[in-house]
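This one's a predicted model, so the numbers in the text were calculated from it and none came from an experiment. In the text below, chain A, chain B and the rest are named by the order of the sequence lines, each starting its count at 1.
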Amino acid sequence: MPRSGVGGARYAEPVPEDPAANTPVPWWILGDDEREPGIVLATPLLRGASGLGAGSAVNPAADAAAPLRIALAELPAFVAERERAGQTRWVWSDTAHWYPRLLDAGVRVARCHDLRLCHAILARSERVADPAELRAAAEWDAVAAPPPPRPLESEPPALFELGAEARTPAGTDAVPHDATAARAEFLRQRAASAAAPRLRTLLAAESAGALIAVEMSAAGLPWDTAEHERILESQLGPRPALGAKPERMLALAEEVRAALGDPSAHLDSPPKLVPALRRAGIDVASTSQWELAEHEHPAIPPLLAYKKLGRLLTANGWSWIEEWVRDGRYRPVYVPGGVPTGRWASSGGGALQIPRQLRPVLRADPGWRLVTADVSQLEPRVLAATAGDRALAAAARGTDLYAGIVRSGAVSTRDEAKFAVLGAMYGATTGESGRLAPRLRKSYPRAMALVDRAASTGEQGGQVSTLLGRTSPRPDAAWADTQARASLPGATATDEARARSSAREFGRFTRNFVVQGTAAEWALAWLASLRSRLAALPAATTAPPASASGPLFASRAHLVFFLHDEVIVHTPAEHAELVADAVRAAAADAAQLLFPGAPVDFPLDLAIVERASAK
DNA sequence: GACTGCGGCGCG
DNA sequence: AAAGCGCGCCGCAGTC
């Protein structure tokens, strides 16, 4: 199989192993005692003493330290003590399994190694020379279990309720939580990553993300329910009875039916609506808004408005508030590593799809502020830095990369620049975007060569890797069948066309994978550094406690939202400027960690506000 | 009634 | 406005 990683133009020093620290860290492996329920075994492994230094192999002889036996109820105190004593990295099966009970007890940890997430990276990475043993440990392949649906009347778990079953229903998460399995897997992972320092950086960043995901769920996103309801009423009208449509939607539906001359037209069913539209002379093949917008007809404007309101109602209406918001906090479940590229996914309430029109509903507690920041054009900047494309890097100097491309003369308008760049990263071949590709290829040959090579690897069924070594999945068996069929003697033109089309499709996926995935690594590094910078800030002295955020965060700045290239920190007002500085410094840390010395800017759009803006 | 596939649309 | 990547969630409709 052809393979192409992201070469990673090096500008200066090699990437250090750990984005969070360069100091030696003792490792403690936590796991259940299989023979005695309620007992946790904690096994210390000291870097240096046990061959755990950067780049080293595992030394089995040193892996003989006797585990400590700790009653489950004593675990938070034990962990807190180790955290106070110095830098520790906790090795555990699954952060979502272990960390909530520590947070509930008011204990935060600085670092962890999430065996489930790290296994997923290592078992797939083409940078692991000999992954056989790791891949054989299939019990670690479990994906994150989706949390059970939250019963409406459920009470929050008691503060010291520590039984595993309190948070994790039996049988839904398959990774082992016992100490024996954890130690064996950890040693496999250390061996697998021994010669791959960038992979170790990725493992540390991924694990930091896992901590942040749990912490953000615990703290919750400050949610102004009254403002949310005001927006709903202003657009939909008063809250309707259960099962009824809001009056604005009913009125719009009547308007559509009248304009169509079809009193029984069913607006909620595309298979029924398309024929109804065609009967009225509107020649559409679907009911998607972009197609509808191309037609002039009195039924179109009210239909588009109806669809927009319907979306607001079903995705984020009154019942969404009842289901997801408690005590002024929205608490989604984040799924780190939920996307093959390394982006996060989420589960529950559509946390990563909060419509921009509802952003003003995010409001800081009294005496607190939100620090919101997003990176301008993260992906093309990551592409410029990864490819070592100095021309694109030069265009990226300053806050608007697209304007820089226009200045360079490659294209003539900002919109053209945007379409050309997005098309290059997504693999567009037709339309405006495809037409502009050759001009981009001429002006930025190194950047384009990187994505073109990734695409060609994918078209041949190969795998590609991000800068730090996350590797794309192989195409599935059906894909391989389609390709094989096309090269058989009796292959028809249809077989060949189908094969070509699916090859191109997979090529677009691998093309985008290297950019999206490396951007996700940049964002994780940003997040990890920001988290440790926030932890170093003092507790608030003047702001009233944000008690809904939990004991750990009631008086301290904390992350509350992360969306691919965007973060929101909830902070006591007195620390807002310090937090803003931390956000900027963390971005510089991320750039330095991934692209040391690279002449590429990563400018932030940052604001200190009481209420988020819709933009 | 539970499940799945699909169209549609929100986010980056 | 342009159509090419990655997601989650909803309602509908067909199936078991």
>> What contact category does Leu378(A) fall into here, base, sugar-phosphate, or nothing, at under 4.0 angstrom with non-hydrogen atoms?
In response: nothing
> Within this structure, what is the CD-to-P distance between Gln516(A) and dG12(B), rounded to whole angstrom?
Replying inline: 14 Å
> Taking protein heavy atoms under 4.0 Å as touching, what does nucleotides 1-9 of chain B look like 5' to 3' if B marks base contact, S marks sugar-phosphate-only contact and - marks none?
Replying inline: ------SBB
> Between Asp114(A) (side chain) and Thr95(A) (backbone), is there a donor-acceptor pair under 3.5 Å?
Replying inline: yes
>> Going by ring pair (Phe, Tyr, Trp, His ring centres under 6.0 Å), name the residues that satisfy it together with Tyr330(A), two or more places apart in sequence or in a different chain.
In response: Trp223(A), Trp320(A)
>> Can you work out whether Gly338(A) or Glu294(A) has the more 5'-proximal nearest nucleotide on DNA chain C?
In response: Glu294(A)
> Hey, does Arg359(A) reach any base, or is it just sugar-phosphate, or nothing, if we go heavy atoms under 4.0 Å?
Replying inline: sugar-phosphate
> Can a donor-acceptor pair under 3.5 Å be found between the side-chain atoms of Arg343(A) and the base atoms of dG12(B)?
Replying inline: yes
>> Within the 4.0 Å heavy-atom criterion, would you say Gly349(A) contacts the bases, only the backbone, or no part of the nucleic acid?
In response: sugar-phosphate
> For dG4(C), does OP1 or OP2 lie under 4.0 Å from any side-chain N or O of Thr430(A)?
Replying inline: yes
> Between atom CZ in Arg470(A) and atom C1' in dG6(C), what is the gap in whole Å?
Replying inline: 13 Å
>> Please report the distance, rounded to the nearest Å, between CD in Glu505(A) and P in dC5(C).
In response: 7 Å
>> Would Lys245(A) and Glu254(A) count as a salt bridge (charged side-chain N to carboxylate O under 4.0 Å, His left out) here? Give the steps.
In response: CA-CA 12 Å; Lys245(A) 288 245 163 70; Glu254(A) 276 317 305; over 6 Å; no
> Can you list the residues that meet the ring pair (Phe, Tyr, Trp, His ring centres under 6.0 Å) rule with Phe509(A), with sequence neighbours excluded?
Replying inline: Phe506(A), Phe513(A)
> Taking both distances under 3.5 Å as the test for a Watson-Crick or G-U pair, what stems of at least three pairs does DNA chain C have?
Replying inline: B:1-12 with C:5-16
> Can a side chain N or O of Ser269(A) be found less than 4.0 Å away from OP1 or OP2 on dA13(C)?
Replying inline: yes
>> Is it the case that the base of dA1(C) and the side chain of Asp415(A) share a donor-acceptor contact (distance under 3.5 Å, atom types as modelled)?
In response: no
> Do Leu527(A) and Phe562(A) have side-chain heavy atoms sitting under 4.5 Å apart?
Replying inline: yes
>> Donor-acceptor pair, distance only, cut-off 3.5 Å: does the side chain of Glu416(A) make one with the backbone of Leu436(A)?
In response: no
>> Run the salt bridge (charged side-chain N to carboxylate O under 4.0 Å, His left out) test on Glu322(A) and Arg239(A) for me, step by step, so that the C-alpha distance in whole Å, both residues' side-chain angles and the decisive distance to 0.1 Å come before the verdict.
In response: CA-CA 13 Å; Glu322(A) 284 181 358; Arg239(A) 178 175 189 175; 3.0 Å; yes
> Checking all strands, does Ser346(A) fall into the base, sugar-phosphate, or nothing category for heavy-atom contacts under 4.0 angstrom?
Replying inline: sugar-phosphate
>> Measure CG/Leu436(A) against C1'/dA2(C) and give the value in whole Å, please.
In response: 10 Å
>> For residues 499-509 of chain A, which residue pairs pass the side-chain hydrogen bond (donor to acceptor under 3.5 Å, both in side chains) check, not counting sequence neighbours?
In response: Gln483(A)-Ser502(A)
> So what does Ala315(A) touch, heavy atoms closer than 4.0 Å: a base, only the sugar-phosphate, or nothing?
Replying inline: nothing
> Rounding to a whole Å, what distance do you find between Leu383(A):CG and dG12(B):C1'?
Replying inline: 17 Å
> If you look at every strand shown and take non-hydrogen atoms under 4.0 Å, does Gly348(A) touch a base, only sugar-phosphate, or nothing?
Replying inline: sugar-phosphate
>> Side chains of Ser264(A) and Asp262(A): any donor to acceptor distance under 3.5 Å?
In response: yes
> In whole angstroms, how far is the P atom of dG12(B) from the OH atom of Tyr334(A)?
Replying inline: 14 Å
> Counting N and O atoms only, with roles assigned by atom type, does the side chain of Arg611(A) sit under 3.5 Å from a partner on the main chain of Arg363(A), one being a donor and the other an acceptor?
Replying inline: no
> Which pairs, with at least one residue in residues 420-464 of chain A and sequence neighbours excluded, count as a ring-ring contact (aromatic ring centres under 6.0 Å, His included)?
Replying inline: none
>> So if I take every side-chain heavy atom of Glu432(A) and compare against dG12(B), dA2(C), dG4(C), which nucleotide ends up nearest?
In response: dA2(C)
> Within the structure shown, what part of the strands sits under 4.0 Å from Phe509(A) by heavy-atom distance: base, sugar-phosphate, or nothing?
Replying inline: sugar-phosphate
> Roughly, in whole Å, what's the span from CH2 in Trp320(A) to P in dG8(C)?
Replying inline: 17 Å
>> Nearest whole Å is fine: how far is dC5(C) C1' from His564(A) NE2?
In response: 12 Å
> Thr314(A) has a side chain; which of dG6(C), dC10(C), dG12(B) sits nearest to it?
Replying inline: dC10(C)
>> Taking only side-chain N and O atoms of Arg508(A), does any of them lie within less than 4.0 angstrom of OP1 or OP2 on dG4(C)?
In response: no
